[in-house]
Amino acid sequence: MLDKVLPHIKLSQQTKSIIRCLMGVVSALLLAMTWNILSPQIAAIFALMLLDKGKNALGIKKSIAAIFGLYVLGLLGLVLGSFVQDYALATILILGLVIFWSFRLVQIPEPVRLLFLILTLLLPFLSLTAEPLGDLILLDMIINLAIALGVTQVAFLFFPEETVKASKVSDKKQTETQFNVDKIAINGVLVLMPAVLYFYFFKPNTLILTFAYIMILSLDPLIYKSKKSLVYILANLFGGICAIFAYNLLTVTPTLFFYVFLILAIGLFFTYQMFSGKKTVPVYAMAYRTFFVVMGIISSSSDSAGDTVVERLFGIGIAILYVVLAYKIVTYLNDPRIYENEMV
């Protein structure tokens, strides 16, 4: 009966996108957990980035290239970590170039540039604080990425994305504010380099998450605008609250079945909002990623859920405050906007 009924069931593109994202993210998380992979929430976050609104399947060749590229970038970070103590000045100059080109190469998708930035800045720092930790994190990220890419291929196979005709946006693009990419890259270096120097020289182990969030937030040069800052705060706060709620429920009924049900229920809420077409889509997408990050921290921490998230939100608050203030100052001194009298 099902084989006769299923072909006649027509799902809307929105429904397909919701099911594809939800099943892909949850499947990646459960696969990583089943195989006892360190930090399985990373697989869910990778899958979420690959299945987000407007994304398409990478394909087998691009997936293999992504895994290989991640491995090469990780090795570069580990190599820099081995030289940073003996050749500090040369390492800092190389990191400055890494930051500059991470902002300058706008032709490369933002998630790729962000991953490049995090690996080449964070792995040397981890090598300074605990040498074996960098190797473990690199291996963990590669396996989680492979799981996410495999699940993504299957998700797009069963729920393909329909091609939509591109609408005319030429007139809108002309009216949008244009920016000097070189100035944006220089501003990125000026914002990130003080944080890099602080973390590399003072090695505050308890603020690793703050360092990671500074890198993530700094990739948006317009974050200093008040509305964007508020969005980041609300999204992270909402994701953290959802993680506390889920963790407390799990302590009452600590079973795998209830865990899967809870992840599906919360995931359905977030994915529905992500593909709703509302203006709040970026908030829910960011909150969903934060949910997995916080759940990962809580599950691996001996502290209570509330204490863990309060500390995490405090670290995120420091990151937001630093990046916003730094960009306000740097943009005032080196405005990247291109005005009409500067256009040729």
Side-chain angles (χ1 to χ4, degrees), residues 69-70 72-129 134 137 176-204 207-226 228-229 232 315-339 342:
L70 178 63
V72 172
L73 290 176
L75 283 181
L76 175 63
L78 292 176
V79 169
L80 286 175
S82 64
F83 286 113
V84 68
Q85 288 183 332
D86 298 327
Y87 307 98
L89 183 60
T91 305
I92 289 171
L93 291 175
I94 293 172
L95 292 178
L97 289 173
V98 167
I99 297 170
F100 178 85
W101 288 108
S102 298
F103 284 86
R104 180 65 180 81
L105 297 174
V106 292
Q107 300 86 353
I108 300 175
E110 185 175 326
V112 178
R113 291 186 288 124
L114 178 60
L115 198 58
F116 172 69
L117 190 64
I118 290 176
L119 285 175
T120 49
L121 294 184
L122 192 59
L123 286 180
F125 172 70
L126 293 174
S127 298
L128 283 174
T129 54
I137 289 179
E176 288 180 352
T177 306
Q178 296 184 5
F179 296 92
N180 186 318
V181 183
D182 292 321
K183 286 186 176 181
I184 286 179
I186 292 171
N187 288 352
V189 175
L190 294 175
V191 169
L192 267 180
M193 191 52 73
V196 169
L197 293 175
Y198 171 76
F199 278 90
Y200 273 55
F201 283 105
F202 293 98
K203 305 172 187 176
L207 295 176
I208 292 177
L209 192 63
T210 303
F211 187 32
Y213 260 86
I214 287 174
M215 288 184 278
I216 294 170
L217 299 175
S218 64
L219 212 58
D220 182 1
L222 300 179
I223 189 178
Y224 63 90
K225 295 187 175 181
S226 58
K228 281 202 170 187
S229 305
Y232 278 106
I316 293 173
I318 293 175
I320 294 173
L321 182 65
Y322 169 76
V323 175
V324 169
L325 290 177
Y327 263 121
K328 279 197 177 231
I329 296 170
V330 169
T331 304
Y332 176 78
L333 299 173
N334 186 36
D335 192 350
R337 287 177 294 181
I338 300 175
Y339 297 94
E342 296 176 338

Exercise. Heavy atoms only: give me the nearest L95-M193 pair and the separation to one decimal.
Key: C-CE, 4.3 Å
Practice problem: Sequence neighbours left out, what passes side chain to side chain donor-acceptor pair (under 3.5 Å) with N180? Give chain and number order. | Solution: none
Self-check item: Residue pair V181, F103: steps toward the side chain to side chain contact (heavy atoms under 4.5 Å, CB included) verdict
Solution: CA-CA 8 Å; V181 183; F103 284 86; over 6 Å; no
Quiz prompt | Validation row: K183, D335 side chains within 4.5 angstrom (heavy atoms) | solution = no
Quiz item: Quick one: ring-ring contact (aromatic ring centres under 6.0 Å, His included) partners of Y322, sequence neighbours excluded?
Solution: none
Quiz item: Under the side chain to side chain contact (heavy atoms under 4.5 Å, CB included) test, which residues partner L325, sequence neighbours left out?
Solution: L321
Quiz item: Would you say I92 and L197 make side-chain contact, with heavy atoms under 4.5 Å?
Solution: yes
Exercise. Could you tell me which residues satisfy side chain to side chain contact (heavy atoms under 4.5 Å, CB included) with I318, sequence neighbours excluded, listed by chain and number?
Key: T210, F314
Practice problem: Measure the CG-CZ distance between L97 and F100 for me, rounded to the nearest 0.5 Å. | Solution: 8.5 Å
Quiz: residues 184-191 side-chain donor-acceptor pairs under 3.5 angstrom, not counting sequence neighbours:
residue	atom	partner	partner atom	Å
N187	OD1	N334	ND2	2.9
N187	ND2	N334	O	3.0

